[in-house]
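Please read the structure below before turning to the comments.
All values derive from a computational prediction rather than experimental measurement. Order of the sequence lines fixes the chain letters, A, B, ..., with proteins taken first and strands second; residue numbering starts at 1 for each chain.
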Number of protein chains: 2
Amino acid sequence: MARTQGSIGAETHEKIREVAEELIAAHGYAAVSMRQIATAVGVQVGALYRYTPDKQTLLFDLMRNHLEQVQSAWDATDPTDAGPVERLEAFCRFHVRFHLDRPRAVFIAYMELRSLTPENYAVIETLRNTYEARLEAIIRDGQDLRVIRVPDARVATMALIGMLTGVTTWYRDDGRLDRGRVERIYWRLARRMVKV
Amino acid sequence: MARTQGSIGAETHEKIREVAEELIAAHGYAAVSMRQIATAVGVQVGALYRYTPDKQTLLFDLMRNHLEQVQSAWDATDPTDAGPVERLEAFCRFHVRFHLDRPRAVFIAYMELRSLTPENYAVIETLRNTYEARLEAIIRDGQDLRVIRVPDARVATMALIGMLTGVTTWYRDDGRLDRGRVERIYWRLARRMVKV
DNA sequence: GTCTATAATGGGATAGAC
DNA sequence: GTCTATCCCATTATAGAC
């Protein structure tokens, strides 16, 4: 397979993304320098600018990429023909599983909103809102069909998102529970929260 | 009332804390400079160092102060003679109320852990764990007395903390719901989550 | 207790050689 | 596509005048 004409080094590009995600998740966007990233990648700082116009765009691309992946992965998972309770179970399990698999990307997407320029922030906020709206729609469907009952659909949505996303703050792979059990426990908690 | 001998300017000290909390919550510890803080306070940068030995200590004091206040405010609120369900209601309502009243301090306490030196991090982590242990103890009491039932006390604790703390990410004072209603809705969701 | 001035270091980004 | 060298500016923290 010939390399695409005019393409830049795909391996280096990928490594920059991995290293940037790791360092930014650990120390924060503002605390990580382009020099640190270059050193961890194994290149000099000037080389980074063949892959990103600036540091801000590097962050923005990481966040957009992650949120677009969440979105498309959920759209591929959503059992749209099923009832609201079954879809809610799919959502809760998907959210926990996906977030446990990508804790660093999740961390950045939630923590570095304030590091974005206003223009980039608007894009990312829209992506986040679109995803959260998917959950809210399921809850409202369930209410209409009287198979889900919550005091307030909007608050229940935000409470669920907060509860599910929080798993990344405490879960450890070498801990007492494996991912499957955690996924199951979170769904049982969620189900009781919204049950008729 | 005479000013304590040898004391530094109490008003300036307090203003530094307020300004630092506001700026760090908005932009992040690493992104805020001592110059920015000094300008917002209305002094020159050198003056700040009469009140804090360095920037790190300024952050650490903000976080410790907040967590100690959470702890002592809860200890003063906890209806220790009541049953587990009543105490859980007190906890949930307290947590939502306290966090809605201090969104910036909460934000910093959860987001800037990575900006602390290892020594300072250990202190803050201990304070956080102590507070979370209070909730877990209530849930375990409730399980023992068979008035609370959850799949796993530890996961339920973290799920509750995540759910309740998340309120600060979406609540707006000029929004649809006032604080009292939000507090009530969160408690209803929590109660269903842990009910027998 | 606050100021001005400065030391010492590191930041993002670019130019031009190879 | 990566390197070296550099520009220019911001950073934390301190010294010493007032």
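- To the nearest angstrom, P of dA8(C) lies 20 Å from CE of M34(B).
- Distance CG (L58(A)) to P (dG12(C)): 11 Å, rounded to an integer number of Å.
- Between the C1' atom of dT11(D) and the CD1 atom of I37(B) lies a distance of 12 Å, rounded to the nearest Å.
- Between R50(B) atom CZ and dC3(C) atom P there is a gap of 12 Å when expressed in whole angstrom units.
- Note on Q44(B): a side-chain N or O is less than 4.0 Å away from OP1 or OP2 of dT4(C).
- Between the CG atom of L48(A) and the P atom of dA13(C) there is a distance of 10 Å, rounded to whole Å.
- The ring pair (Phe, Tyr, Trp, His ring centres under 6.0 Å) check on H99(B) picks up H95(B), with sequence neighbours excluded.
- Side-chain atoms of R35(A) come within donor-acceptor range of the base of dG12(C), with a qualifying N/O pair under 3.5 Å.
- With sequence neighbours excluded, the residues satisfying side-chain hydrogen bond (donor to acceptor under 3.5 Å, both in side chains) with H13(B) are R17(B).
- At dT2(D), one or more side-chain N or O atoms of Y51(A) fall inside 4.0 Å of OP1 or OP2 (strictly under the cut-off).
- With rounding to whole Å, D54(B) atom CG is found 17 Å from dT11(D) atom P.
- Note on E112(B) versus K55(B): no salt bridge recorded, every NZ/NE/NH1/NH2 to OD/OE distance being 4.0 Å or above.
- For R181(A) and D178(A), the salt-bridge test fails: no basic side-chain N is under 4.0 Å from an acidic carboxylate O.
- OP1 or OP2 of dG1(C) has not a single side-chain nitrogen or oxygen of T12(B) nearer than 4.0 Å.
- At whole-Å resolution of the value, CG in L59(A) and C1' in dG12(C) are 15 Å apart.
- Heavy atoms of V32(B) sit under 4.0 angstrom from primed sugar atoms or phosphate atoms, though from no base atom.
- Across every non-hydrogen atom of R64(A) and L127(A), the tightest pair is CG-CD1, 3.8 Å.
- Contact between the side-chain N/O atoms of S33(B) and the OP1/OP2 oxygens of dA10(D) is not found at any separation under 4.0 Å.
- In this structure, Y49(B) atom OH and dT2(C) atom P are separated by 15 Å, rounded to whole Å.
- Nearest-nucleotide positions on DNA chain C for Q36(A) and G46(A) put Q36(A) closer to the 5' end.
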